[in-house]
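This report concerns only the one structure given below.
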Amino acid sequence: MVPPPARRARSREAEPVRPRTASILAGRAWIGGRLQPVEIAIDEDGRIQSVGKVRVGAPRHDVGDAVILPAATDLHVHFRDPGGPADAESLATGTVAAALGGVALVGEMPNTLPPVTDVATLEEKAARVRGHAAIDVLLYASPTVARERVALARTAGAFKLYLSPTTGIAAAPPLDSVPGLLRELAELDLPLSVHAEDPGRFGAPERPRDAAEWDAHRPVPAELAALDSLANAPVRLRLHVAHITTARDVARLRERAISFEATPHHLLLSVRSAPGSLVKVNPPLRSEAERVALWEAFRRGEVPCLASDHAPHPAAERSLPFDRAPSGVPGVETMLPLLLSRVRSGEVDLPTVIRAACDRPARWFGQPHGRIAPGHRAHLIVVDFRSRTKLEGKRLHSACGWTPFEGWEAILPREHYRDGVRVVDAGEYVGSPNGRVVRPEFAHGKLGRPD
Ligand code: DOR
Ligand code: ZN
């Protein structure tokens with residue numbers, strides 16, 4: 001019998017060349033349901049190679065008692081670039097703030113100037129990411145221009161649909177046109193995030209003077225009505241609802257197996273929290289009772305994603321009378337640190353926060369990171385739970401220079417590794433602007449509906 005040399009040679013050739021171990025990060029991590037000592041081997045390509053005891057002699061960094069976590073993904077930021085205002089944010093300043101807050105990837109919204117409704121504008125924004133962004137950026141496009149939709153689906157990272165007017169969005173499509181649009185978008189396979197408020201339910205007072213009146217003007221029923229317009233969305237559509245504000249939204253969306261996110265400001269602040277225009281946001285902050293119910297749902301692990309809706313506006317505009325102030329609060333740098341502080345105080349479990357901030361959002365965007373697992377990109381952070389910081393807007397890194405969480409306690413990451421390379425050291429940014437534009441890497445159907 002003639003041996004099959006060709007086949008053997010081919011199979012030897014096909015054997016993948018295993019990248020060498022470049023470094024080892026040692027510390028404690030949440031693995032297998034508990035915090036335990038681990039050594040994480042990171043290969044030359046910046047991927048996690050193994051998690052456990054490592055014997056090779058690559059450079060080893062031991063973080064001692066600190067905890068190694070996956071870096072977060074923030075599904076929802078507004079970096080005002082292009083179009084400004086520059087004293088609110090840019091891709092450069094916003095991504096450095098994100099890196100310092102432990103965020104490895106942001107989804108950047110299309111309500112910049114001009115709005116991202118066509119491929120040329122999207123590509124112009126993508127060109128601004130390269131050479132300026134400290135972390136990866138997934139770009140949303142708006143699907144409002146029918147003839148651009150198919151081409152945008154091939155170039156953008158996700159779609160964002162506004163069902164109500166808000167910053168940079170003068171008009172929204174009529175709610176009765178939404179089901180048809182959703183059917184069309186379902187064929188295009190891109191994740192779709194929806195700003196769900198029905199302007200038909202907005203009401204008195206027309207000129208709100210504070211957060212409580214803003215809540216009355218854009219009330220909870222406006223959100224629930226908008227959610228109802230999504231009820232018959234095709235199962236194939238990767239549908240996600242942005243910034244839900246109440247436990248009732250949580251129950252409804254879970255019933256319908258629709259993905260969604262909640263923001264730190266809706267989880268931690270209510271209409272009673274701060275005076276003036278500091279807490280004007282769309283959808284509005286709700287009553288303290290609504291907030292507590294939402295927080296309880298989050299604690300129970302019922303909120304799949306945490307997202308900041310980082311929407312900075314120039315500090316000067318915060319002192320405008322409430323009805324003239326723009327809506328939106330910054331939050332990309334403080335999202336995870338605020339929640340980690342709640343872990344420290346025992347109000348929420350670490351795995352619940354990791355799942356909502358790191359794992360689930362990365363999977364929603366079809367990205368290979370968000371877990372401490374072999375094959376994942378080594379986007380990791382190191383957190384010392386003993387090191388607490390009082391947040392001060394002027395010490396944060398967003399260009400806007402303010403935070404609605406002034407004086408709140410937070411736990412900022414001590415270190416941040418991007419593809420295994422340290423970009424934050426001792427709480428200082430030490431990286432370079434090598435962030436890339438990413439798109440979902442999944443084939444349709446692989447990620448499936450939210451779990
Ligand atoms: O409060 C908000 N601000 N809500 C939005 O939907 C947009 C955002 C912004 O871009 O300022
Ligand atoms: Zn937003």
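Side chains included, hydrogens not; waters and symmetry mates left out as well; all remaining heavy atoms used. Index from 1, following the sequence. Counting convention: from 1, in listed order, for ligands and their atoms alike.
When the N, O or S atoms of Asp309 are ranked by distance to the Zn ion (ligand 2), OD1 comes first.
At least one heavy atom of His313 lies less than 4.0 angstrom from ligand 1. Ligand 1 lies out of reach of Lys160, whose nearest heavy atom is not under 4.0 Å from it.
Once rounded to the nearest 0.5 Å, the distance linking CZ of Arg386 with CD1 of Ile411 reads 11.0 Å. How far CG of Leu181 is from CG of Asp176: 12.0 Å, rounded to the nearest 0.5 Å.
Side-chain N/O atoms of Ser273 and Arg291 include no donor and acceptor closer than 3.5 Å.
Under the 4.0 Å criterion applied to side-chain N and carboxylate O atoms, Arg286 and Asp249 are not assigned as salt-bridge partners. Using a 4.0 Å cut-off between charged side-chain N and carboxylate O, Lys125 and Asp81 make no salt bridge. Taking 4.0 Å as the cut-off between side-chain N and carboxylate O, Arg207 and Glu213 do not count as a salt-bridged pair. The pair Asp228-Arg252 counts as a salt bridge, with a side-chain nitrogen and a carboxylate oxygen less than 4.0 angstrom apart.
Looking at Arg80 against ligand 1, only its side chain comes within 4.0 Å, counting heavy atoms. Proximity of His195 to ligand 1, defined as any heavy-atom pair under 4.0 Å, is confined to the side chain (atoms from C-beta onward). Counting heavy atoms under 4.0 Å from ligand 1, residue Asn111 touches it through the side chain alone.
In terms of heavy-atom proximity, Ala311 sits nearest to His78 at CB-CD2, 3.9 Å.
Below 4.0 Å from some heavy atom of Val281 lie the following atoms of ligand 1, by number and element: 1 (O).
The angle subtended at the Zn ion (ligand 2) by NE2 of His78 and NE2 of His76 is 110°, given to the nearest 10°.
Of the polar atoms of Thr167, at least one N or O is found under 3.5 Å from an N or O of ligand 1, judged by distance alone. For His78, a nitrogen or oxygen atom sits less than 3.5 Å from a nitrogen or oxygen atom of ligand 1, counting backbone and side chain alike. The shortest N/O to N/O separation between Ala311 and ligand 1 does not fall below 3.5 Å.
The protein heavy-atom contact nearest to atom 1 (O) of ligand 1 is Asn282 N, 2.8 Å. Among all protein heavy atoms, the one lying closest to atom 7 (C) of ligand 1 is Thr166 OG1, 3.5 Å. Of the protein's heavy atoms, Ser327 O, 3.0 Å lies nearest to atom 3 (N) of ligand 1.
Two residues are said to be in side-chain contact when any heavy atoms from C-beta on lie closer than 4.5 Å; Tyr417 and Ile42 fail this criterion.
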